[in-house]
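Computed from heavy atoms alone, side chains included, the values below leave out hydrogens, waters and symmetry copies. Whatever order the structure lists ligands and atoms in, that order sets their numbers, starting from 1. In what follows, residues are counted from 1 in the order of the sequence shown.
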Amino acid sequence: MISFIFTRFIYFLLYIHLLPTLLCFSLSQPLCHDEERSSLLQFKESFIINKSESVSDDPPKVKFWTHESQSSNCCSWGGVECDEDTGHVISLDLSSSFLYGSIDSNSSLFKLVHLQRLNLADNHFNYSHIPIAIKHLSMLTSLNLSDSAFSGQIPSEISTLSKLSSLSLSHNRLELKGPNFETLITNLTGLEQLHLSQVDISSTVPKSLANLTSLTSLLLRDCGLKGEFPGDIFQLPNLQILNVQLNEDLSGKLPPLLKQSSSLKVLRVAHTSFFGELPSFIEKLTSLKELNASGCNLSGMIPTSIGKLNQLAYLDLSENNFWGKIPLSLANLTQLIELYLDSNHFSGPIPLSFSKLINLEILYLRNNYLSGTVNFDMFIGLKNLTAMDLSNNKISPLIESSMNETFPQFTSLKLSNCSLRKWPDFLRHQSRMEVLNLNGNHIGGRIPEWMWNISRETLFTFSLSENSLIGEVSPTICNLSSLEVLLLSHNKLSGKLPQCLGSFSKSVSILDLSDNAFSGNIPTFTEGNQLKIIDLGHNQLQGILSQSLTNCKMLGYLNLESNKLNDVFPYWLGTLPELEILVLKSNTFHGVIEEPMTNLDFPKLRIIDASYNNFSGKLPLKYMQSWKAMGSRSVGEFEYMLSIPFKHVERGGGQVWQMHYYYTITIAIKGADRHYKELPNLIAIINLCNNNFDGEIPEVIGNLLGLYSIDLSNNNLAGSIPSSLGNLTELESLDLSQNELSGEIPRELAQLTFLQYFNVSHNHLTGPIPQENQLSRFESSSYEGNLGLCGIPVPNKCGDSEALEPVPLSSSEEEQEESTSPFNFGWKVVVIGYGCGFVFGFLIGQIVLARKPNWFAILLGSGIRRQ
Ligand SMILES: *[C@@H]1O[C@H](CO)[C@@H](O)[C@H](O)[C@H]1NC(C)=O
Ligand SMILES: *[C@@H]1O[C@H](CO)[C@@H](O)[C@H](O)[C@H]1NC(C)=O
Ligand SMILES: *[C@@H]1O[C@H](CO)[C@@H](O)[C@H](O)[C@H]1NC(C)=O
Ligand SMILES: *[C@@H]1O[C@H](CO)[C@@H](O)[C@H](O)[C@H]1NC(C)=O
Ligand SMILES: *[C@@H]1O[C@H](CO)[C@@H](O)[C@H](O)[C@H]1NC(C)=O
Ligand SMILES: *[C@@H]1O[C@H](CO)[C@@H](O)[C@H](O)[C@H]1NC(C)=O
Ligand SMILES: *[C@@H]1O[C@H](CO)[C@@H](O)[C@H](O)[C@H]1NC(C)=O
Ligand SMILES: *[C@@H]1O[C@H](CO)[C@@H](O)[C@H](O)[C@H]1NC(C)=O
Ligand SMILES: *[C@@H]1O[C@H](CO)[C@@H](O)[C@H](O)[C@H]1NC(C)=O
Ligand SMILES: *[C@@H]1O[C@H](CO)[C@@H](O)[C@H](O)[C@H]1NC(C)=O
Ligand SMILES: *[C@@H]1O[C@H](CO)[C@@H](O)[C@H](O)[C@H]1NC(C)=O
């Protein structure tokens, strides 16, 4: 009975708490002071409340701060907290309140001198400086201005707030130079949280940080820190979180000798210059839950004692120089959720005992020298494993065919270059896959029908390239309704392409079927498709080109090389607004290239290879005038061509990746192979060799200032070499050989200082070879077959002394020339036979877009932002 009455009393109290504005008083809540109420209102009114800035649906905290509630108790307003005894506002939390506008020292905020906690994080203060009036808030113990669009130097007044225990200024455009880091903290001896991520500090880490003995969390991510990280900081008795990642010039050892076991839970040094070995006393970090040392200069073997860190849930040692075996003791870390050991020099087997890591979600071991048989049975118990990458090792997977749906369900499985000989049978039961890479294996035979039925709704990247697959591709491939990337190149697939390929998925962006034996016609592409890259090169495709390609409005790359296509020039491709690279090489395209429909045709084309066909008539003068993209020498910032960011993301385990694709190109010009990993967007190339073009080379070719390479060899071109070619100062390769050209070699060509390859052999050229620059330094084979040429390097001396003697360049000058080439190609031209052309391709990369946002909070049971 007594307890019943007591409960009723509590309800009563709650009731009046909920209705303070009605009752105008409450038993426990103090009334606020008038002047503080008006300061708060004034503060609110100095901003625009820009709700549209935010994605959140919650109403802004300041919504009910109004004049109507003038007489009301501001202590009950959203975000406001008052002292129970005095009624003064002691805490103001307006984080994520959509405040937009400038703030200065006149702001009424600084009249709230009793404030102990101030949180203005995640607003937009329009790049204001932090007002120096902040010093009036001398009672502050906690100040959070992170992610709020402040800029400029952090004022020294902050360092007078000697009661501060928590200071967060991360993610603004702030700098900390005068006062510098050391002076800022001199008097802030009580700091527990110091968060300065992305503040431009650009100095060493002050040793005095190690005097802040209360410090629990120190976040200095991406601050431009330099020098050696003071090892004493690891000794701080209360430090739980240390993040110095993304400071490329910060070095240090991990960790230096520890006196006692440490309370460190999160240690992030990724992408710094930390070096040396992981010491065996790492075991002293007994509380460690996350260690991220990815992309440092660490080396040596991983100490067995790492197996004692039994709290460890996230371990990332990728992209270092670790070697030796993966220690068996790692399997003791049964709390592990993510394990990244990729891109090191690990050798030996993948420990069987990994089967004990039952909480594992992500296992990345790619790019090592791991060997031995990997019995996939070991993964059966890892029910949470969703992303695994074993690519590029020397392992031999052993995959029992009896594996059924009890096997882990992957979202991402990458087994590239893993010596697989058979279809992994367990794939039949995979229903959630988004990414499946099986390229570079030895899988033979036909693609089983069930392959096109797995993960039908989810699969978006599928690579089977570089295997030994044979047979036709079944139309059931079109069941894969989410597919974005389909890579089947370098196999022995044959038969007709399924018609549905041109229409099955609105989302397919990349279709690579090159280097197979597909025959028949190119499928019909329907409207609204998203194709950006189509590579059908090196097949047996026949007939005319389907004009439905004009439905591929996003197309940037079309490669039809080495097929049996028989058509006139596909002028209608000129309507494609994004087309950058067009390869028609080695087919039987024929006829005169007519004038373009408009002078806006091919607006972005930079590379055209129509070599080894039967084109005839004059060179396409009007096209050369309309190829606008080739006419620019440098387009602003140096970029790579068509690095396609994908709308689709891969969710492997906790990660969200964004895929990126680049063109690669191997330019093989007369045997001088050069491989561009990513193709700079500056390069323009015209290759029309081995056709039957006649007439003259139009002067307008000299307007295409972006040209790096021109190959018009093996045609019937007559007339003289246009002097306008001398304006193409980026030109590295010029081949006009095996034509009917006559007249003299224009002196202007001597301006082509980047020229690495030059060939005018087998024409009817006469007169002196210009001697001013390197034209005279090419071998005589560049000129042979022109009986009228004279001067170095050909044997004929010029009759009169018109030709200047060559001025030999000193070797240092030569070196200089090399390095002034914008991409520093450093290629050596070796003339091997008479081939002409390029090898095209593209590369798939990926960047991390975002990661599962909240495990950091889960990990620590706190609300600290993951960074
Ligand atoms: C709110 O922010 C958006 C995006 O920055 C901007 O376009 C809009 O003009 C802002 N609204 C106001 C009222 O300032
Ligand atoms: C933001 O700053 C700019 C430049 O200082 C200023 O012109 C503009 O009025 C400011 N906007 C607000 C809402 O304070
Ligand atoms: C503050 O207000 C005073 C007078 O109201 C004015 O003279 C001064 O320029 C203001 N200071 C700032 C930083 O806006
Ligand atoms: C630290 O505090 C002392 C005593 O209040 C003061 O003299 C000194 O100037 C302060 N140093 C800094 C860097 O603020
Ligand atoms: C740390 O504090 C001690 C005692 O207050 C002082 O003697 C020492 O100079 C400080 N160390 C640094 C690096 O500031
Ligand atoms: C480690 O840090 C790097 C760099 O910030 C990041 O890309 C990577 O995802 C992190 N790894 C883990 C497991 O969090
Ligand atoms: C840790 O692993 C080692 C090597 O596998 C083993 O000898 C040891 O017993 C394990 N310790 C624990 C606590 O499981
Ligand atoms: C796997 O994930 C689930 C859901 O996230 C979780 O409840 C469970 O503890 C994890 N571990 C194991 C071994 O299932
Ligand atoms: C699946 O395989 C496991 C292990 O091989 C076996 O125990 C289980 O009975 C199988 N389940 C089915 C439905 O076949
Ligand atoms: C080369 O370019 C310059 C200016 O861009 C132009 O004046 C000149 O006529 C061009 N020379 C030839 C031969 O086209
Ligand atoms: C600062 O506020 C932001 C946004 O509310 C929050 O994510 C972060 O954890 C806070 N920082 C500190 C040190 O409390």
Atom indices of ligand 11 within 4.0 angstrom of [X] heavy atoms, with elements:
X      : value
His195 : 13 (C)
Ser166 : 13 (C)
Ser95  : 5 (O)

Check whether Glu434 reaches the backbone of Thr461 with its side chain - one donor and one acceptor, N or O, closer than 3.5 Å.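 Not at all, since once roles are kept as given, no pair shorter than 3.5 Å links the two residues.
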
Look only at the side chain of Asp342 and the backbone of Asn344, and say whether a donor-acceptor pair between them is shorter than 3.5 Å.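 No.
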
Between Ser96 and ligand 11, which residue portion shows a heavy-atom distance shorter than 4.0 Å: side chain, backbone, both, or neither?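 Answer for Ser96: neither.
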
Run the salt-bridge test on [X] and [Y] with the 4.0 Å N-O cut-off and return the result as yes or no.
X      : Y      : value
Arg268 : Glu290 : yes
Arg366 : Asp389 : yes
Arg173 : Asp200 : no
Lys253 : Glu228 : no

How does His271 reach ligand 6, if at all, at less than 4.0 Å between non-hydrogen atoms: by side chain, backbone, both, or neither?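 Looking at His271 and ligand 6, just side chain atoms fall under 4.0 Å.
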
Polar contacts were defined as any N/O atom of the residue lying under 3.5 Å from an N/O atom of the ligand; does this apply to Asn144 and ligand 11?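 N/O-N/O distance under 3.5 Å: yes.
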
Just which atoms of ligand 6 are under 4.0 Å from any heavy atom in Glu338?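 Matching atoms, with element in brackets: 13 (C).
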
Please identify which atoms of ligand 6 are closer than 4.0 Å to at least one heavy atom of Asp316.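 Under 4.0 Å from Asp316, ligand 6 has these atoms: 1 (C), 8 (C), 10 (C), 11 (N), 12 (C), 13 (C).
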
Could you tell me if any non-hydrogen atom of Tyr340 lies under 4.0 Å from any atom of ligand 6?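 Judged by the 4.0 Å heavy-atom criterion, Tyr340 does count as contacting ligand 6.
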
Between the side chains of Ser102 and Asn126, does any donor sit under 3.5 Å from an acceptor?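 Yes, a side-chain donor-acceptor pair sits under 3.5 Å.
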
Any side-chain donor-acceptor pair under 3.5 Å between Ser294 and Ser318?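 Ser318 and Ser294 do have a side-chain donor-acceptor pair below 3.5 Å.
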
Does ligand 2 have any N/O atom under 3.5 Å from a protein N/O, and what are those pairs and their distances?
from     : atom 1 : to     : atom 2 : distance (Å)
ligand 2 : 2 (O)  : Asn126 : OD1    : 3.2
ligand 2 : 2 (O)  : Asn126 : ND2    : 2.3
ligand 2 : 11 (N) : Asn126 : ND2    : 2.8
ligand 2 : 14 (O) : Ser102 : N      : 3.4
ligand 2 : 14 (O) : Ser102 : OG     : 3.4
ligand 2 : 14 (O) : Asn126 : ND2    : 3.3

Quick one: are the ring centres of Phe229 and Phe234 less than 6.0 Å apart?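 Judged by ring-centre distance (under 6.0 Å), Phe229 and Phe234 do meet the cut-off.
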
Are the aromatic ring centres of Tyr100 and His124 under 6.0 angstrom apart?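 Yes, the ring of Tyr100 comes within the 6.0 Å limit of the ring of His124, centre to centre.
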
Heavy-atom contact under 4.0 Å between Asn119 and ligand 11?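 The answer is yes: ligand 11 sits under 4.0 Å from a heavy atom of Asn119.
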
